Amino acid sequence: MKRIFLIITAILTLLLGGCQAKDETDISAYSDDIAKAQEISVVSADSSEVLETISSKDDIEHFIQTLDLEKWKFTTLPDNAAEIGSFRFAQEETIKYTQTDTDGELHTVATITLYDGSYIGFETGNLNMTFKVSEAAAEYLSGYFV
């Protein structure tokens, strides 16, 4: 009887302790997903034209480090915030169980939209969040649209 009680306790502990989801208000939980990007397209808010494409692994890593994700604060977007531009993160599809190779096509997995006032919109899948970012990160991102 004591053994059965210990087994049930262990199972419940594993089930209840293992059911922890990503904190949806903490962007750093998604930094690994963003870091998997194979290409970042810089898109103008005015014309939806791709202004630049970042595809070097080193350049992508530098871009992500400069975002300073740990300092992003979850917030709401002010009504008067104007869009400056966006960054589309793309990568190949994940190889599935029966596949041996990808088709080489890149798919958008996340989008970061820069707004004036140091605001960022982050979209991935069906998840949309808004953050207030550091002045340094906002200046760095704004530099792509000058």
Side-chain angles (χ1 to χ4, degrees), residues 7-146:
I7 292 172
I8 290 173
T9 303
I11 290 172
L12 287 175
T13 302
L14 288 173
L15 288 175
L16 296 176
C19 294
Q20 297 176 357
K22 288 182 181 176
D23 179 4
E24 292 184 0
T25 61
D26 184 5
I27 191 67
S28 63
Y30 298 93
S31 63
D32 288 341
D33 297 335
I34 295 171
K36 293 178 187 174
Q38 294 170 295
E39 180 178 278
I40 303 171
S41 299
V42 181
V43 182
S44 167
D46 299 332
S47 65
S48 297
E49 175 187 345
V50 175
L51 302 174
E52 184 177 344
T53 301
I54 304 167
S55 57
S56 155
K57 184 174 176 78
D58 290 338
D59 291 343
I60 291 171
E61 286 176 6
H62 177 261
F63 181 92
I64 293 168
Q65 287 175 354
T66 308
L67 292 177
D68 206 8
L69 299 173
E70 298 81 27
K71 293 184 181 176
W72 290 19
K73 304 290 183 210
F74 185 70
T75 189
T76 57
L77 187 65
D79 292 334
N80 62 346
E83 182 179 335
I84 297 172
S86 61
F87 302 87
R88 292 187 195 141
F89 294 76
Q91 69 184 49
E92 292 179 321
E93 284 189 359
T94 303
I95 296 176
K96 296 180 180 60
Y97 178 67
T98 59
Q99 295 177 321
T100 58
D101 202 8
T102 64
D103 61 4
E105 187 175 333
L106 296 179
H107 303 274
T108 301
V109 294
T111 302
I112 291 177
T113 304
L114 176 64
Y115 296 92
D116 61 359
S118 301
Y119 291 94
I120 294 289
F122 177 75
E123 178 184 341
T124 183
N126 293 328
L127 182 65
N128 294 306
M129 298 180 284
T130 305
F131 295 91
K132 178 79 169 168
V133 300
S134 68
E135 288 293 323
E139 279 183 40
Y140 173 75
L141 295 174
S142 294
Y144 283 96
F145 303 102
V146 179

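What's counted below: heavy atoms across the whole structure, side chains too, no hydrogens, waters or symmetry copies. Please read these numbers as outputs of a predicted model, since none were measured by experiment. If you read the sequence from its start, that first residue is 1, and numbering goes on from there.
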For Tyr115, all residues meeting ring pair (Phe, Tyr, Trp, His ring centres under 6.0 Å), sequence neighbours excluded: none
Shortest non-hydrogen separation from Thr76 to Thr130 and the atoms involved: C-CG2, 4.0 Å
Rounded distance (nearest 0.5 Å) linking atom CG of Asp59 with atom OG1 of Thr53: 11.5 Å
Test log, rule side-chain contact (heavy atoms from CB on, under 4.5 Å), inputs Asp68 and Val133: CA-CA 8 Å; Asp68 206 8; Val133 300; over 6 Å; no
Contact check, side chains of Leu67 and Trp72, non-hydrogen atoms, under 4.5 Å: yes
Leu114 vs Ile120, side-chain contact (heavy atoms from CB on, under 4.5 Å): CA-CA, chis, key distance, verdict: CA-CA 5 Å; Leu114 176 64; Ile120 294 289; 3.7 Å; yes
Near-ring test Phe122/Phe74, centroid separation under 6.0 angstrom: no
Distance (rounded to the nearest 0.5 Å) between Glu52 CD and Ile40 CD1: 10.0 Å
Geometric class of the Phe63/Phe87 ring pair [parallel <30°, tilted 30-60°, perpendicular >60°]: tilted
Residues in side chain to side chain donor-acceptor pair (under 3.5 Å) contact with Glu135, at least two apart in sequence or another chain: Ser118
Heavy-atom closest contact (Ala81 atom, Asp116 atom, distance): CA-OD1, 3.3 Å
Axial cation check for Tyr119 ring with Lys132, 6.0 Å and 45° limits: yes
Over 12 foreign heavy atoms within 6.0 Å of NZ, Lys71: no
CZ on Arg88 to CD on Glu123, rounded to 0.5 Å: 10.0 Å
Test log, rule side-chain contact (heavy atoms from CB on, under 4.5 Å), inputs Glu92 and Leu106: CA-CA 5 Å; Glu92 292 179 321; Leu106 296 179; 3.8 Å; yes
side-chain contact (heavy atoms from CB on, under 4.5 Å) between Thr113 and Glu83, intermediate numbers included: CA-CA 7 Å; Thr113 304; Glu83 182 179 335; 3.5 Å; yes
Residue pair Val109 / Gln91: nearest heavy atoms and the distance that separates them: CG1-CG, 3.7 Å
Student check: side-chain heavy atoms of Asp58 and Glu61 closer than 4.5 Å: yes
Approximate separation, where rounding is to 0.5 Å, of His62 NE2 and Ile64 CD1: 11.5 Å
Check: Ala137 main-chain N/O paired with Ser134 side-chain donor or acceptor under 3.5 Å: yes
Heavy-atom closest contact (Ser86 atom, Phe145 atom, distance): N-CZ, 3.6 Å
